[in-house]
Amino acid sequence: MGRASVTALSSGAIAARMETADLDRRLVVSPILDPAAQIKPGQAAVDVRLGFDFCLVTASRHGSIDEFGSENPLESLSELYRREFVPLGGRITIHPHQFMLAQTLEYLRLPSDLMAYVVGRSTWGRLGLIVATAVGIHPGFAGSLTLELRNLGETPLTLYPGQAVAQLFFHHVVDASGEPASEKAAGTQYTGTVDMIPRRLSDAVTARKLRGLVRPHDRMSTADEAGSETPTGADQNPFQ
Amino acid sequence: MRAVTYPGHHPGPGQWLDVVSGTLDTAMGWLEVARLPTTADDEALRRVRDAEELGRFAYQLLQELDGADADQIPHQIVGPFQRWVRGLGIGNSIFFRADHVANYELARFYLDESLKNVDDPSPSLRRALDSVEWPFLRLTVPSQAMGMLPHFAIVGHELGHAIQERIALGSNIVDPTALLSAIRRRLEEENLPSGRATDLEMHKVLASWIQEFKSDAVALLIAGPAFLFALSGFFEISGGSYGISPTHPPSDLRRRLVLERLRAGAPGHAEVFERVTGMRIEDDSNSPNVARLPGAAELYSELKARYGAEQAAICVEVLPLAEEIAAAVFDEAEIMMTRDAPDMIYRPEQLERDLLDHLDPLCALIPPIETRHEGVARPASLSGTLNVGWAALLTRLDDIGRPTAGATGSETMRMEKLHELLLKGVELAEARTMWDERP
C-alpha cells in the first residue's frame, strides 16, 4: 500500500469505501436512502438525515450540572432530558433558543484509517438551526451520531425525521510513519449503538484527580445549592 | 392518551381509543337523558347506574392498551411486525404491547357484539365500531423478551393463531374411535367412568394441540431456524418442565417436530445454518434443560396429579398420535402459505444469503440494515435479522464488538450490544423499506 496523504475523500472515494468487501476497511453510512442526493458526484461529503429519537432538555431540580458538586452527576445528567420518539412521517418543533439532542438516521462505522467531521447544512444554518457542536468523529466510531440541535433563529422550526440536516466529511488518518492508521481506538467512550445522553463528562483519571483537587468546602456548598440531601459530614462524602 | 406516540404505521391503537371515546360518549348521552326533566326518577337512576358501569368498562378498555406506547414496547419492532401481519393477510385491527407477563399472547376482543347492542349508542361509538375489523387483536410480548431481539421470533407463532382457521385438515386425520377406546380403557383400569363428556374433552384437547401445531408451522415458515431457537429458549426459561397440558403438546415434541422440518430439503435450513456457522442444530439446542418426556405410566401419574385422571388419560393417549397429526398439520400449513402468502416463506437460500451478508459484518458492529450489490440496496428482512441475531448469539457472541471495543466486557455486555445492534438494524431496515415504498 502506498503512502497515504492527509486528504478529504471525494464522493467517489466515499462510495468506493462503502462498497468494499474488506470489513476492516469498509466505511459504513447506512442506509443511504437516496444515493444520488446524498453522495453527489464532484462533492466530498455524504448528506445525513435526521433520525427518530430526540432528547429534550427539561426543567431540573438540580441547580447545575456539576460533575464534582452533586452526589450523583450521572443521575443529574439523565434527569436533564426527556426522550421523544418521532417516527418517519412524524414531526417535532424546535422553538427559538431551544436545545435538543437528536440522532442521525444513518448508522455510521468508521474504519481505522478514516475520521470524519459532521457539519450542519447551510440551508438549515441560514434558518438559525445549529446542528452539531461536537463535530469530530474518531476512527473506530460505530453508532448513530448524536446531533446537538439549537435554534438560534426567531422562528420555530418543524423538523421531520428523514430530512437531510448535516454532512459528513471524511479524512484519512495516518500513523507516525505516514501509513494509513490500523489501530482502532480501543476503549473509546462511544462504541457501538449508544445512548444520546452522555455517560460521563471526564475520563476516569481526570475525574479522580479533579475530585481530589476540588476543595471540600466548594463541593459541599455546591451540593447544598443544588438542593442535594447529601449528608454534609466530610466522612460521608462519596467523592472524598 | 391520544398524544402518546404509538409506534408502527398502523391504525390499531387509534381505533382502540376511538372505541373507548365512543363508549364514553354513549355513557355521557345516558347521563344527559337522566338530567332531562321529562325522565322519570327510576329511569334516570337506571341511566346513571348504567352510565357508571359503561364508564368503568371504558376505563377497563383503556387498561387493555397499557404497554402499547413507544416508551413501553421497543418502537423499532412494531413496524416490521405489522409487515408480518399484512404479509400473512391478517385483516383484523390489531395493536402490539409489552407487559410484565411470562407468556406471549394473542387476545381477541369481540366488543362489537356487546357494544352495538347497548341503548342509544353514540354516533362516535357506531363509527368506531364500524371502522374496526373484528375481532380486534392484541399481541402481547413479555417484557423479559425485550432484552434480546431474536426472542421475538415467537411472535410468528402468535400470528399463526390468527390464521389457523385457514389451515384445512381432513376429517380423517385421526381415528377418534380408536383413540377414545384407548382413553376409556385407561380410565376403566382405574375404575373411573367415561362417557360423552370424555369424548368432548378428547376433541377439545386434540383441537387445542392441533392449533399449537398450526401456529408452530406458520412461525417456522416465516422465521425459519430463528423460531426454533426462540421457542426452545422460551421453553428453557419457562422452567424446563415437560410443557404438556390439555392445551399444549409437550415442549420436547414441539421442538423436535420443528427441527425435523428444518432438516428437510436439500439443502434444508439446518444444513445451511451449519454450513455457514459451523453449528449443528440439535433438538436441545438452546434448551438443554427442557425435560424429555418420561414413560407413559410416569407421565400419566404426573398429569393426573395436575389435571385429573380424564385429562391425563387423554393427553397420554393422544401423544403417540401427535407426531402423525403434526406432520399433516405442517404439510397443510405449507400448502396454505404457498397459496396465500408465498413471499412470507423464509427459505433456506434466503437464510444462506442473510447469514453470508450480515453475520460477519454484525460481529464487526455493522447491523443488518441492508445489503448492497452493484450499487443496489436491499433492506434486511425481520426474519433475516432474527436468524442472523440467533447465529451471532449462539456462535459468535465472543466476537461481538471485538473490532473496536476489544475483547473485554462480560457476556451480558456483549449481549446488550448485540441487542442494540439488532434493534438498530431492524429500525433502519424498516426506514429503508418505507422509503423505497414511496414513489
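Order of the sequence lines sets the chain letters (A, B, ...), proteins ahead of strands, with each chain counted from 1.
- Of the listed residues (B:Asp71, B:Ile369, B:Leu423), the greatest number of heavy-atom pairs within a distance under 4.5 Å of chain A belongs to B:Ile369.
- Of the two parts of A:Leu33, the backbone and the side chain both hold a non-hydrogen atom closer than 4.5 Å to a non-hydrogen atom of chain B.
- For A:Pro31 against B:Glu370, the heavy-atom pair with the smallest separation is CA-OE2, 3.2 Å.
- B:Lys424 contributes atom NZ, which lies 11.0 Å from atom OG of A:Ser30 (distance to the nearest 0.5 angstrom).
- The greatest number of non-hydrogen atom pairs below 4.5 Å with chain A, out of B:Gly425, B:Pro7, B:Pro361, B:Pro379, is found for B:Pro361.
- Counting heavy atoms from C-beta outward, B:Leu365 and A:Tyr107 have side chains that approach closer than 4.5 Å.
- Remark: B:Glu437 pairs with B:Arg83 by the side-chain hydrogen bond (donor to acceptor under 3.5 Å, both in side chains) rule, at least two apart or across chains.
- Between B:Ala364 and A:Arg109, the shortest heavy-atom distance links the atoms O-NH1, 2.9 Å.
- Residue-environment remark: NZ (A:Lys40) exceeds the threshold of 12 foreign heavy atoms within 6.0 Å.
- If you measure heavy-atom distances from B:Ala377 to chain A, you find no contacts under 4.5 Å at all.
- In this structure, CD on B:Glu427 lies 7.5 Å from CD on A:Gln103, to the nearest 0.5 angstrom.
- Options B:Leu428, B:Thr5, B:Asp436 differ in how many heavy-atom pairs under 4.5 Å they form with chain A, and the most are formed by B:Leu428.
- Each of B:Arg432, B:His9, B:Arg372 has some count of heavy-atom pairs under 4.5 Å with chain A, and the biggest count is that of B:Arg432.
- Against chain B, the residues from residues 83-93 of chain A that qualify, each with a non-hydrogen atom under 4.5 angstrom away, are A:Glu84, A:Phe85, A:Pro87, A:Leu88 in number order.
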